[in-house]
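A note on names: the letters A, B, ... follow the listed sequences, proteins ahead of strands, and every chain is numbered from 1. The structure displayed is predicted, hence computed values, not measured ones.
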Protein chains: 2
Amino acid sequence: MKPKGFVRRTRQREVILEVLRGTKCHPTADWVYQEVRKEMPHVSLGTIYRNLKTLSEHGEIQELAFGATHSRFDANKELHYHFVCEECGLIEDLDMPVVEGLEEKVAERGYEVTSHRLEFYGLCPDCANNNSMGRAN
Amino acid sequence: MKPKGFVRRTRQREVILEVLRGTKCHPTADWVYQEVRKEMPHVSLGTIYRNLKTLSEHGEIQELAFGATHSRFDANKELHYHFVCEECGLIEDLDMPVVEGLEEKVAERGYEVTSHRLEFYGLCPDCANNNSMGRAN
DNA sequence: CTCCAGGTAATAATTATCATGATCAGTTCT
DNA sequence: AGAACTGATCATGATAATTATTACCTGGAG
C-alpha cells in the first residue's frame, strides 16, 4: 500500500501480471510460479513472491487470505466480494453490487476506513447438488 | 464444523477456553500457548493447536485468518464483524449490527450459504491521530 | 480400550541473503 | 539530435533460514 519510489519494468513482472490477468481463478503463489515457468523456465520462486508483494503494495493486484495456509491473488483491482466453497475449495467472484454505506458506518465509530472485505462460505451450486443426493466422496 | 462423536473434558481444554474467553483481543495460537503456560507450564504447543482445531470444529470458538501468516482465534461465537488496523495490527470487534439480507442475495445465485465474514481495513482511532500530526515513528 | 497429552520430527508456505545481471537517467562523443 | 558509455541502483536466481502448523508415537487418564 506504500508506493515506494519507482518500480522498474522487468520481463518477469510483466509475465506474472499477464498470467494473473489471464485467469478467472484466484491462484496461489505456487500456481503462478508453475504458469510463469511455462513461459520462462528459469524464474525463481522467490521472484514470484517478491513481485506479488510489490504488485499488491502498488495496488496492481489484490492479496487475499482465505485459509491461513496460503495467500491467493487477484488481478481484479475493483472492490468485489467472494464466495468460498467449503467442500471443493472453489473461490469465485460474486457479481453482486458493493454494499453502500458500510464503511461510513464504521467511520462513525472513529476509525479511518480505507477498504473492506466480504466473503461468503458454504457450498457452491455443484457441491450442493452432489451432496443432497448420495454422497460425492 | 463436524461434531465428531464425543469431546472428552480435559483440564488443558478448559484452560484454553478460559484464556480465550478472558481476552477481548484475537490471539494467535502462540499467544494462547504463552498464556496457558502461566497456569500449566508443561503444556505442549501441539496440544494447543490440537484443541484450538477441535474447539473450532465443534463451534465453541471461531478461527479467523486475517493475514496469511497465522490464524487468530475468537471465543465469541456470535456472528460479528472486525476492524483491522493496517498500522499497528490491532484487531477489534465492531459493535455494529449484522447486515440483513446479504446471504439471501448470494443464495439467489445458486449457492448454499452457511455464513459470511466482513472485515474493515484502515487506521484505528489512535493511529489515525498519531499520523495526522507529525509521524509516530 | 479409546482418546488425549507431551515431546519431537516433519511439512508447507513464505522470507531473507547474496552475488551476479538487468535497467535506468544522465553524460559524452560524433 | 541521437548513438554509445557509465555508474548507481534495483531485480533476479539459487539457496538457506524462518515461521506456523501438522504428523507421529509412546505412555497415561478417563
Side-chain angles (χ1 to χ4, degrees), chain A residues 1-20 26-58 60-74 89 91, chain B residues 2-20 25-58 60-74 89 91:
Chain A
M1 286 290 177
K2 43 174 63 176
K4 54 166 182 180
F6 203 63
V7 195
R8 191 168 285 176
R9 182 180 159 74
T10 75
R11 171 127 183 72
Q12 17 281 89
R13 228 193 291 274
E14 278 175 20
V15 177
I16 291 172
L17 254 180
E18 256 176 50
V19 164
L20 265 178
H26 300 73
T28 63
D30 197 69
W31 187 93
V32 175
Y33 178 48
Q34 303 304 338
E35 287 300 306
V36 173
R37 280 221 286 187
K38 290 178 185 170
E39 185 133 336
M40 194 181 269
H42 290 299
V43 254
S44 159
L45 182 54
T47 300
I48 305 292
Y49 275 104
R50 214 177 317 110
N51 281 311
L52 287 174
K53 182 194 279 185
T54 305
L55 287 168
S56 77
E57 281 175 351
H58 286 257
E60 297 284 328
I61 63 173
Q62 288 188 60
E63 179 174 3
L64 306 169
F66 290 108
T69 41
H70 41 45
S71 284
R72 292 175 170 275
F73 299 88
D74 191 340
I91 298 175
Chain B
K2 43 172 66 173
K4 53 166 182 181
F6 203 63
V7 195
R8 191 169 286 174
R9 185 180 159 73
T10 74
R11 171 122 182 76
Q12 17 282 91
R13 228 194 291 273
E14 277 174 22
V15 177
I16 291 172
L17 253 181
E18 256 176 50
V19 164
L20 265 178
C25 75
H26 301 72
T28 63
D30 197 69
W31 187 93
V32 174
Y33 179 47
Q34 304 304 338
E35 287 301 306
V36 173
R37 280 221 288 190
K38 290 179 185 171
E39 185 133 336
M40 193 182 269
H42 290 300
V43 254
S44 159
L45 182 55
T47 299
I48 304 294
Y49 275 104
R50 211 176 320 110
N51 281 311
L52 287 173
K53 181 193 280 185
T54 306
L55 286 169
S56 77
E57 281 174 352
H58 285 258
E60 296 284 327
I61 63 174
Q62 286 188 61
E63 180 173 1
L64 306 169
F66 291 106
T69 40
H70 41 44
S71 286
R72 292 175 170 276
F73 299 87
D74 191 340
I91 297 175

Quiz item: Which one, C/dC4, C/dT15, D/dA20, comes nearest to the side chain of B/His70?
Solution: D/dA20
Practice problem: Select one nucleotide: of D/dA20, C/dA13, C/dA5, the one nearest the side-chain heavy atoms of B/Gln12. | Solution: C/dA5
Practice problem: Nearest whole angstrom, please: distance from the P of D/dG13 to the CZ of A/Arg13. | Solution: 12 Å
Quiz item: Counting distance only, does the side-chain N/O of A/Arg72 pair as donor-acceptor with the main-chain N or O of A/His26 below 3.5 Å?
Solution: yes
Practice problem: Return yes if a side-chain donor-acceptor contact under 3.5 Å exists between B/Thr47 and B/Gln12, otherwise no. | Solution: no
Quiz item: Any side-chain heavy-atom pair from A/Glu63 and A/Leu52 closer than 4.5 angstrom?
Solution: no
Quiz item: Whole Å only: how far is the CG atom of B/Asp30 from the P atom of D/dT18?
Solution: 17 Å
Quiz prompt | Euclidean distance, atom CZ of residue A/Phe66 to atom C1' of C/dA13 [Å, nearest integer] | solution = 17 Å
Quiz item: Hey, what do you get for CD1 (B/Ile61) to CG (B/Leu20), rounding to the nearest 0.5 Å?
Solution: 5.5 Å
Exercise. Name the nucleic acid region contacted by A/Arg50, choosing base, sugar-phosphate or nothing; use a 4.0 angstrom heavy-atom cut-off, strictly under.
Key: base
Quiz item: Which heavy atom of A/Arg13 sits nearest a heavy atom of A/Thr54, and at what distance?
Solution: NH1-CG2, 3.6 Å
Quiz item: Quick one: does A/Arg9 reach the base of C/dT23 with a side-chain donor-acceptor pair under 3.5 Å?
Solution: no
Quiz prompt | Under 3.5 Å donor-acceptor pair, B/Arg8 side-chain atoms to C/dC3 base atoms | solution = yes
Practice problem: Give the rounded distance in Å between these two atoms: CD of B/Glu57 and P of C/dC3. | Solution: 14 Å
Quiz item: Between A/Arg11 and A/Glu18, is the closest basic N to carboxylate O distance under 4.0 Å?
Solution: no
Quiz item: Across the strands shown, which category fits A/Asn51 at heavy-atom distances under 4.0 angstrom: base, sugar-phosphate, nothing?
Solution: sugar-phosphate
Quiz item: Does A/Thr10 make a side-chain N or O approach to OP1 or OP2 of D/dT12 shorter than 4.0 Å?
Solution: yes
Quiz item: According to a strict under-4.0 Å criterion, is A/Tyr49 in side-chain N/O contact with OP1 or OP2 of C/dT15?
Solution: no
Quiz item: Just how far, in rounded Å, is C1' of D/dA20 from CD of B/Gln34?
Solution: 14 Å
Quiz prompt | Strand-adjacent residues in residues 35-48 of chain A, judged by heavy atoms under 4.0 Å from DNA chain D | solution = A/His42, A/Val43, A/Ser44, A/Thr47
Quiz item: To the nearest angstrom, how far is A/Leu55 atom CG from D/dA11 atom P?
Solution: 11 Å
Exercise. Can you tell me the distance, in whole Å, between the CD atom of B/Glu14 and the P atom of C/dA5?
Key: 11 Å
Quiz item: With sequence neighbours left out, what residues match B/Glu35 under side chain to side chain contact (heavy atoms under 4.5 Å, CB included)?
Solution: B/Val19, B/Trp31, B/Lys38
Exercise. Would you indicate, yes or no, if C/dA13 has its OP1 or OP2 atom less than 4.0 angstrom from a side-chain nitrogen or oxygen of A/Ser71?
Key: no
Self-check item: Interatomic distance where CZ belongs to A/Phe73 and P belongs to C/dA13 [whole Å]
Solution: 13 Å
